[in-house]
Amino acid sequence: MNGLSTSIWRGLPQAGLAAIIAIGLAMLAPDQGYYLNILMQASTYAIAVVGLVVVLGYCGQISIAQAAFFGIGAYGVAIGTVDYGLNFFVAMLIAVGVSGVFGLILGLGSLRLGGHYLAMVSISFQQILTLVLTNWIEFTHGPDGIRNIPRPRFFGLSLQGGNAFLALCLVAMVLVALFAWRLKATKLGRAMQAVRDNDLAAATSGIDVFGTKVIAFGISAVLGAIGGGLFAGGFGYISPDQFSFAESIVLLTMALLGGVQSPFGALIGTMLLIILPETLRFLKQVYLAVYGAAVILIMVFLPDGLWGFIDDRIRRNARAITLPAPKLPLLSQTGQMGTEKVLEVADLAKHFGGLKAVDGVSFAVRRGSVHALIGPNGSGKSTFINVVTGLYVATAGKISFAGQDITTLSPHQRNRRGLARTFQNIRVFRGMTVLENVMIGAERDGNDVANAPAEVLTRALAALDFVDMRADAHRMVGELSYGHQRYVEIARALAGSPDLLLLDEPAAGLNMTEKVELGNLLKRLKGHGLTILIVDHDMNLVEQVADHITVLNFGRRIADGAPGDVLRHPDVIAAYLGEPRHEVA
Ligand code: ADP
Ligand code: MG
């Protein structure tokens, strides 16, 4: 959070400038009437839509309740000022707080529910709020709504006038948009995007996936309520139908239309959906059809929204930014193979119903060694790695890492202690650049640079240099070849300076040249003394780098020892289809 606050404050000069421009623009608007109302509506809606950018665009969580949070903000201000005589800003603060708490509670639902189920829960929340607003008449004034909501004074300055209040709304909109824009490039913002792109890889890269989702929901609800509170002051009258399910859909459409990845998309989408219907009114009867068709066409042809389209063009034309040369050492190991056991598993088991995928396996990985875990397809190697990294809960047994029992820790906690991995099926954050992917790894809490933004960048670049991918730093990782995505994954793991690197079939899917390059990379890592547990089918690769080999078959350990002995072991030869070892290779 430290990193978040420092980099957000660095945007203060831009924020000040943008706020002054916003005030200037507000002064040009008419002081009352139709156009003022449109601008007021657009600016307050936009704030709520930026909230959707955070929860949906950044964090990938579908929330169909943004109108509910908007409503909590509006009703908080209305009830607070009209019924309790509170100052506008005090009422707003309370409303925003209440909304934030409800947002966090909704986010808590993501522990057990994913994707569509969570979206359903958000719809229920939305419906419940509508019922409460309509039926709890003593508190909410019921279907009649609340009238005569006052506008505030601000440090002696009256905001009663239309222009003045619009200025407040526009300044708030600008600040909220800048906040979201800066957020995207913070540790928290990157964590959200990692969760969106690949939650398993996020967890094993040290990100608290659940906590990140909860915070995203909280921020989104807070922004929704800020928009709603200003809306109440802007129009002076609110009623339950303004915060219904249909309005949540409108807000969602605005976000998707403009481009949900960026607050600028939110602003564009909101302006468009508010201004478009107004400008099409001259079409009389057919205007709704034209409006609907326009929205559908944009969505079909620009799936990333309008801003997504513009952003893509900007990025393509951007020249590569020169990046500083790394100074920090990437790998701090001594290069000495020791007797210390970095990882020790005892009687580890993982059963899927009746299937014993891992069945009472014990062995230790010594510091500085390259330890290979081999075995036929389906022998439990990936399951073993998944249990050790915490993606699966062990059925039985104990896992010690650096002398401490980690058996019950979550994946991100294990990563924070220095356990990094890659996946058999590559798991990268496809919506982020190569550099951002690797920065996620460098930001692992507990590593020496985790909370120093400049050093995180340097460490990430050092990791990219190690796999020779610096030239691709600003490319989207989804554009890369399979082999290069694999390197990004390895660099992401290295960037956290792990004590143990687990590689699950790193050669899978690579062509011959790439396999040779990978072999060289592994030898270089070995030369630096990094402790590695490698799973692979390719005996050639294993023989080149392994100091020690453990063999699994049907979930059981059938051999463990020095490569020469293990590969001549009769059980091992039998396990590999009963054929002599040289044919296996
Ligand atoms: P390997 O990586 O050695 O090829 P795996 O660890 O992927 O083998 O699989 C070991 C066994 O466990 C296989 O029989 C596989 O079908 C089974 N298995 C793996 N993951 C699951 C799961 N999530 N649910 C049920 N069975 C699984
Ligand atoms: Mg596997």
Side-chain angles (χ1 to χ4, degrees), residues 112 114-115 198-204 209 343 345-363 365 370-397 399 407 410-411 414 419-428 482-483 485-486 489-490 493 500-510 514-515 518 522 532-543 545-546 548-560 563 566-567 569 571-579 581 584-585:
R112 292 264 167 268
N198 201 312
D199 55 350
L200 291 185
T204 57
V209 172
L343 177 74
V345 293
D347 297 318
L348 195 67
K350 177 64 194 176
H351 300 172
F352 296 108
L355 177 79
K356 296 175 174 173
V358 174
D359 190 12
V361 171
S362 307
F363 69 89
V365 177
V370 174
H371 193 126
L373 181 65
I374 65 170
N377 243 331
S379 56
K381 305 179 300 293
S382 291
T383 305
F384 178 87
I385 302 271
N386 287 338
V387 175
V388 168
T389 51
L391 295 180
Y392 291 158
V393 178
T395 310
I399 308 162
T407 319
S410 62
R414 297 184 199 202
L419 197 64
R421 70 168 292 178
T422 64
F423 291 84
Q424 182 170 349
N425 307 311
I426 295 175
R427 289 181 175 273
V428 284
Y482 210 59
Q485 291 189 18
R486 176 71 77 197
E489 218 191 8
I490 293 175
L500 173 62
L501 177 61
L502 301 155
L503 301 168
D504 192 357
E505 303 216 13
L510 302 195
E514 289 170 334
K515 276 187 187 172
L518 179 72
L522 291 177
I532 299 176
L533 178 64
I534 178 173
V535 168
D536 219 298
H537 266 329
D538 189 338
M539 289 303 172
N540 221 336
L541 190 69
V542 167
E543 278 192 291
V545 293
H548 194 103
I549 299 182
T550 301
V551 189
L552 293 185
N553 196 20
F554 296 113
R556 299 195 67 90
R557 193 189 96 176
I558 57 167
D560 181 78
V566 166
L567 296 177
H569 196 293
D571 288 352
V572 175
I573 296 169
Y576 276 92
L577 304 170
E579 291 169 26
R581 189 185 66 78
V584 174

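On a predicted model such as this, the values are computed, not experimentally measured, just so you know. Throughout, residue positions are numbered sequentially from 1 according to the sequence presented. We count ligands from 1, going down the list as the structure has it; atoms in each ligand are counted the same way.
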Note, Asp560 side chain near His371 side chain (heavy atom, < 4.5 Å): yes
Ile490 side chain near Arg486 side chain, heavy-atom distance below 4.5 Å: yes
Side chain, backbone, both or neither: Leu355 near ligand 1, heavy atoms under 4.0 Å: side chain
Option with minimal heavy-atom separation from atom 3 (O) of ligand 1, where the choices are Lys350, Gln424, Glu505, Lys381: Lys381
Heavy-atom side-chain contact between Val387 and Val345 under 4.5 Å: no
Min N/O separation Phe384 to ligand 1 under 3.5 Å: no
Side chain Lys356, main chain Gly555, donor-acceptor under 3.5 Å: no
Proximal atoms of ligand 1 relative to Asn377 (non-hydrogen, under 4.0 Å): 4 (O)
Nearest protein heavy atom with distance in Å, relative to atom 10 (C) of ligand 1: Gly378 O, 3.4 Å
Close side-chain approach of Asp359 and His351, heavy atoms under 4.5 Å: yes
Any Gly380 heavy atom less than 4.0 Å from ligand 1: yes
Atom 12 (O) of ligand 1 - nearest protein heavy atom and its distance: Ala357 CB, 3.3 Å
Nearest heavy-atom neighbours spanning Ala546 and Ala372: CB-CB, 3.9 Å
Heteroatom test (N, O or S) for Thr383 near the Mg ion (ligand 2), limit 2.8 Å: no
Minimum heavy-atom distance between Ser379 and Pro376, given as atom pair plus value: OG-O, 2.7 Å
Close side-chain approach of Pro411 and Thr389, heavy atoms under 4.5 Å: no
Closest protein heavy atom to atom 9 (O) of ligand 1, given as residue, atom name and distance to 0.1 Å: Thr383 OG1, 3.7 Å
Nearest neighbour in protein (non-hydrogen) for atom 23 (N) of ligand 1: Tyr392 OH, 3.1 Å
Nitrogen or oxygen of Phe352 less than 3.5 angstrom from that of ligand 1: no
Under 3.5 Å donor-acceptor, Ser362 side chain and Asp347 backbone: yes
Asn377 near the Mg ion (ligand 2): N/O/S under 2.8 Å: no
Numbered atoms of ligand 1 (with element) below 4.0 Å of Ser382, judged on heavy atoms: 1 (P), 2 (O), 6 (O), 7 (O)
